[in-house]
Amino acid sequence: MDCLFCKIAGGEIPSKFVYEDESVVAFRDINPQAPQHILIVPRKHIESINAFQVEDKDLVAHILVDVVLKLAKDLGIDESGYRVVINTGDEGGQTVHHLHVHLIGGRSMQWPPG
Ligand code: AMP
Ligand code: ZN
């Protein structure tokens, strides 16, 4: 499958991971929207939230409970605040069709998003 994030997660495209384990990798966004902008990507190819299966529940919990929180602490943005975003589908602004969680912080955010 010709998927950018599968290639990054699989090491086919060399990348510097800020975190990795058996189920996810995390790396800096190439076009950061804030001083800290990390993408957390499951190794498993899941196209979007719409493609979640029941068996993905542990993976989703792992990403939020373990990985987002660890990275927010490591980056020193857990107290100041941050944003966690999963863009989904065309109107959601998804451009890479391999599910990924944006962890964005290090500046004040506005609401509503653009
Ligand atoms: P989304 O628009 O939610 O699908 O997010 C895709 C993100 O992937 C964008 O923020 C891009 O800047 C980022 N991106 C695209 N290619 C790369 C790459 N090779 N390495 C790191 N980030 C990338
Ligand atoms: Zn993929």
Side-chain angles (χ1 to χ4, degrees):
M1 185 188 306
D2 190 26
C3 170
L4 175 64
F5 285 178
C6 279
K7 287 179 180 168
I8 289 177
E12 201 178 320
I13 296 176
S15 300
K16 186 166 184 273
F17 296 145
V18 297
Y19 175 84
E20 67 175 309
D21 63 26
E22 67 286 352
S23 58
V24 305
V25 299
F27 49 90
R28 292 196 173 274
D29 196 292
I30 201 169
N31 183 24
Q33 301 301 310
Q36 304 291 353
H37 188 165
I38 305 293
L39 300 176
I40 302 160
V41 176
R43 292 185 187 275
K44 175 184 176 185
H45 181 89
I46 302 170
E47 188 162 327
S48 76
I49 286 179
N50 289 339
F52 275 148
Q53 304 290 313
V54 173
E55 63 263 25
D56 297 323
K57 282 183 180 178
D58 285 350
L59 174 63
V60 175
H62 174 56
I63 290 172
L64 289 177
V65 177
D66 303 320
V67 184
V68 164
L69 187 53
K70 173 189 166 38
L71 285 170
K73 287 179 176 168
D74 287 353
L75 296 169
I77 56 173
D78 55 322
E79 296 292 334
S80 53
Y82 52 90
R83 192 166 286 179
V84 176
V85 175
I86 305 177
N87 294 326
T88 304
D90 290 342
E91 292 197 355
Q94 184 175 9
T95 59
V96 177
H97 295 279
H98 177 135
L99 183 110
H100 50 283
V101 175
H102 295 258
L103 170 60
I104 306 166
R107 66 167 171 84
S108 280
M109 307 282 169
Q110 305 298 314
W111 192 265

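One-based numbering, in listed order, for ligands and for the atoms of each. Residue numbers count from 1 along this sequence. A quick note: this is a predicted structure, and the numbers were derived from the prediction, not measured.
Residue contacts with ligand 1 do not include His97, since none of its heavy atoms lies under 4.0 Å from the ligand.
In summary, Asp66 and Lys70 do not engage in a salt bridge, as defined by a charged side-chain N under 4.0 Å from a carboxylate O. Using a cut-off of 4.0 Å between Lys/Arg side-chain N and Asp/Glu carboxylate O, Arg43 and Glu20 are scored as salt-bridged.
Atom 4 (O) of ligand 1 has its closest protein heavy atom at Thr95 N, 2.7 Å. In this structure, the protein non-hydrogen atom closest to atom 1 (P) of ligand 1 is His100 NE2, 3.1 Å. Leu4 CD2, 3.4 Å is the protein heavy atom nearest to atom 16 (N) of ligand 1.
Considering just the N/O/S atoms of His45, the one nearest the Zn ion (ligand 2) carries the name ND1. Restricting His98 to its N, O or S atoms, the one at the least distance from the Zn ion (ligand 2) is ND1.
Around atom CD of Glu55, more than 12 heavy atoms belonging to other residues, nucleotides or ligands sit under 6.0 Å away.
Interface of Arg28 with ligand 1, defined as ligand atoms under 4.0 Å from a residue heavy atom, comprises 21 (C). Listed by atom number, the atoms of ligand 1 under 4.0 Å from Asn31 heavy atoms are 12 (O). Those atoms of ligand 1 with a heavy atom of Phe5 less than 4.0 angstrom away are 8 (O). The contact set between ligand 1 and Phe27, taken as ligand atoms under 4.0 Å from a residue heavy atom, comprises 21 (C). Listed by number with element, the atoms of ligand 1 under 4.0 Å from a non-hydrogen atom of Gln94 are 4 (O).
When distances to the Zn ion (ligand 2) are checked against a cut-off of 2.8 Å, His97 contributes no N, O or S atom below that limit.
Below 30°, between 30° and 60°, or above 60°: for His37 and His102 the angle between ring planes is between 30° and 60°, a tilted geometry.
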Worksheet item: Run the side-chain contact (heavy atoms from CB on, under 4.5 Å) check on Tyr19 and Ile38 step by step: do they pass?
Response: CA-CA 10 Å; Tyr19 175 84; Ile38 305 293; over 6 Å; no

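One distance of note links NE2 of His100 with OG of Ser48; it measures 10.5 Å at 0.5 Å rounding. Put simply, CG on Leu4 and CD1 on Ile13 are 5.0 Å apart, with the number rounded to the nearest 0.5 Å.
The N/O atoms of Asp29, backbone and side chain alike, include one that comes under 3.5 Å of an N/O atom in ligand 1. The N/O atoms of His102, backbone and side chain alike, include one that comes under 3.5 Å of an N/O atom in ligand 1. Any N or O atom pair closer than 3.5 Å counts here, and Gly93 shares at least one such pair with ligand 1.
With Ile30, Val101, Ile86, Ile8 as candidates, the residue nearest to atom 23 (C) of ligand 1 on a non-hydrogen basis is Ile30.
When non-hydrogen atoms are compared, ligand 1 lies under 4.0 Å from neither the backbone nor the side chain of Ile13. Contacts with ligand 1 closer than 4.0 Å are made by side-chain heavy atoms of Leu39 only, the backbone lying farther away.
Of the residues His97, Glu47, His98, the one that meets the side chain to side chain contact (heavy atoms under 4.5 Å, CB included) test with Cys3 is His98.
The hydrophobic cluster containing Val101 does not contain Val96, counting ILVMFWY residues as joined when their side-chain heavy atoms lie under 4.5 angstrom apart, directly or transitively.
Using a 3.5 Å distance cut-off with no hydrogens or angles, the side chains of Arg28 and Gln36 do pair a donor with an acceptor.
Between Ile8 and Phe17, the closest side-chain pair of non-hydrogen atoms falls below 4.5 Å.
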